[in-house]
Amino acid sequence: MQMHKETGWRSFRRRFGRTATALGLLTAVACTSAQAPASVAGAGLGPAKPDEVSVATWNMCGVRQWSCERTGSPKEKFQQLRDLIGDSEVRVLLLQEVCSEDLSSSAARLGPEWNTVFEPYANVDTAGTRTAVECTGQGRGRAGFGLLAASPLSDVELIPTEQPTVGLHRGILCARVPAQGLRVCNAHLSLRESDDEHPDWDFRDDQLSSLVAAASTDDRTVFGGDFNSPPPVGDRNKSAWIWPSEAYTTFRECDQKGRSRAGRPTHTDGSKIDYLFTALPRTGCDVVETKASDHRPLVIRVSRPAEASATPQVSTSR
């Protein structure tokens with residue numbers, strides 16, 4: 001994990017001078033998959049075909065001291081996981097704001113084929129000391145983000161990316177799921193103004209660039225998570241510049257339709273801040289209603305890849 005440290009003109013340009021350039025790169029590209037349902041939220045994608053696999057991302061809001069006291073009990077959150085697995089045949093889940101013991105116990109209750117990888121959040125002080133965030137409630141462990149899969153995970157990798165000098169460190173976690181022929185990357189990006197020492201710095205552009213670069217090494221990758229950012233649409237969107245152009249061109253987002261990048265709301269405040277991207281053919285996308293978090297789970301279904309290529313190919317379809 002890299003500490004954020006930049007000086008001179010490069011730092012100034014990266015933090016304050018890229019808006020016009022980045023906006024110019026965000027060209028509209030048509031969707032090459034089936035159209036997503038028009039409803040705001042669904043109840044699942046139903047059974048998958050033998051050559052398809054479903055992946056979900058969900059911020060569980062399981063860290064109760066982070067304004068999550070009224071977003072459902074651990075039992076209700078586990079039931080939502082079971083519903084995602086049953087209603088959409090989800091085989092891999094990218095989870096944020098989950099407690100380590102809740103994740104372990106969920107895997108145990110789902111069955112012996114379920115496996116997990118967990119990465120804790122850390123608070124970093126002015127001296128650079130890292131302190132884990134403990135979940136409130138007896139025996140729930142540390143707060144963090146992770147992967148939950150119905151088969152073994154391999155080649156687990158924490159992707160280096162810039163983080164606040166003083167404040168909460170989140171991150172990007174990748175792993176392979178050999179049984180599904182996939183590689184997945186789970187990202188939880190920093191909030192804007194998350195550096196207590198430099199509140200005018202925005203780290204999301206660097207983090208998204210690191211995430212897209214990591215995904216670009218294998219065209220079987222499905223990547224996403226809680227980006228704490230709206231999609232790059234709208235004249236009033238002051239953070240559109242953070243998005244790499246490849247996100248919606250080399251790759252496609254779960255809910256991307258035609259030239260639209262807006263997507264359906266994934267947060268109870270009516271915004272979309274949760275995403276799933278891939279270069280694989282998409283066969284379905286659903287935003288699932290839940291009362292067990294302030295985020296709605298997002299589910300993507302893709303064609304199971306037969307074998308890997310070196311890098312994703314830019315689609316020329318319209």
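By convention here, the first residue in the shown sequence is residue 1.
The hydrophobic clustering, which links ILVMFWY residues whose side-chain heavy atoms are closer than 4.5 Å, places V133 and V117 together.
The side-chain heavy atoms of R82 and Q79, taken from C-beta on, include a pair separated by under 4.5 Å. Using a 4.5 Å heavy-atom threshold, the side chains of V55 and V302 count as separate. Using a 4.5 Å heavy-atom threshold, the side chains of L168 and S194 count as separate. W114 is listed as a side-chain neighbour of I85, based on a closest heavy-atom distance under 4.5 Å. Taking the side chain as every heavy atom from C-beta outward, H295 and I273 approach each other to under 4.5 Å. Between Y121 and E97 there is a side-chain heavy-atom pair separated by less than 4.5 Å. Side-chain contact between W58 and L148 is absent, with no heavy-atom pair separated by less than 4.5 Å. Side-chain contact check for C254 versus R282: every heavy-atom pair is 4.5 Å or farther apart.
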- Item | Evaluation steps, side-chain contact (heavy atoms from CB on, under 4.5 Å), between R264 and C285 | CA-CA 10 Å; R264 289 164 287 177; C285 181; 3.8 Å; yes

- Please walk me through it: do W66 and T71 pass side-chain contact (heavy atoms from CB on, under 4.5 Å)? CA-CA 11 Å; W66 289 353; T71 62; over 6 Å; no

- What do the steps show when you test L110 against F78 for side-chain contact (heavy atoms from CB on, under 4.5 Å), and what is the final call? CA-CA 9 Å; L110 289 170; F78 174 73; 3.9 Å; yes

- Could you walk me through whether T161 and Q163 pass the side-chain contact (heavy atoms from CB on, under 4.5 Å) test, one step at a time? CA-CA 6 Å; T161 188; Q163 296 288 332; 3.4 Å; yes

- Message: For a side-chain hydrogen bond (donor to acceptor under 3.5 Å, both in side chains) check, start with the C-alpha distance between Q207 and S190, then their side-chain angles and the critical distance, and finish with the verdict.
- Response: CA-CA 8 Å; Q207 293 168 358; S190 296; 2.9 Å; yes

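In terms of modelled atom types and a separation under 3.5 Å, the side chain of S229 and the main chain of F227 share a donor-acceptor contact. In terms of modelled atom types and a separation under 3.5 Å, the side chain of N115 and the main chain of S151 share a donor-acceptor contact. Between the side chain of E253 and the backbone N or O of L276, at least one donor-acceptor pair lies under 3.5 Å. Judged by distance alone, the side chain of N228 and the main-chain N or O of L189 form a donor-acceptor pair under 3.5 Å. Without hydrogens or angle criteria, T129 side chain to D125 main chain gives no donor-acceptor distance under 3.5 Å. A donor-acceptor pair is defined here as one N or O able to donate and one able to accept, closer than 3.5 Å; such a pair exists between the side chain of D218 and the backbone of R220. Judged purely by atom type and a 3.5 angstrom limit, T266 uses its side chain to pair as donor or acceptor with the backbone of D274. Using modelled atom types, one side-chain atom of N186 and one backbone atom of G146 make a donor-acceptor pair closer than 3.5 Å.
Taken to the nearest 0.5 Å, the CG atom of L182 stands 11.0 Å off from the CG atom of L153. One finds the CG atom of D102 at 12.0 Å from the OG1 atom of T116 (value rounded to the nearest 0.5 Å). Between atom OG of residue S154 and atom CZ of residue R183 there is a gap of 10.5 Å, rounded to the nearest 0.5 Å. Once rounded to the nearest 0.5 Å, the distance linking CD1 of I300 with OH of Y275 reads 14.0 Å. Here the OG1-CD distance, from T136 to E69, works out to 7.5 Å after rounding to the nearest 0.5 Å. Between atom CZ of residue R140 and atom SG of residue C135 there is a gap of 5.0 Å, rounded to the nearest 0.5 Å.
The pair K272-D255 does not meet the salt-bridge criterion, since no charged nitrogen lies less than 4.0 angstrom from a carboxylate oxygen. Ion pairing of K49 with D51 is absent here, as no side-chain N (NZ or NE/NH1/NH2) approaches a carboxylate O to less than 4.0 Å.
Side-chain contact annotation: R301 with S54, donor-acceptor N/O pair under 3.5 Å present. Donor-acceptor pairing under 3.5 Å is recorded for the side chains of D195 and T165. Checking T57 against Q96 by side-chain atom types alone, a donor-acceptor pair falls below 3.5 Å. The closest side-chain donor-acceptor pair between Q180 and R304 falls under 3.5 angstrom. If you check the side chains of E246 and S216, you find no donor sitting under 3.5 Å from an acceptor.
Close placement of the Y248 and F277 rings is indicated, their centers lying within 6.0 Å of each other.
Contact detail for P230 and N237: the closest heavy-atom pair is CG-OD1, 3.8 Å. Considering every non-hydrogen atom in both L173 and L147, the closest pair reads CD2-CG, 4.3 Å. When all heavy atoms of P244 and L208 are compared, the pair lying nearest together is CD-CB, 3.8 Å. Nearest heavy atoms, S210 versus I159: O-CG2, 4.2 Å.
Within 6.0 Å of CZ on R192 lie no more than 12 heavy atoms contributed by other residues, nucleotides or ligands.
Using the six-membered ring where Trp is involved, W201 and H198 have ring planes that are parallel, under 30° apart on the 30 and 60° scheme.
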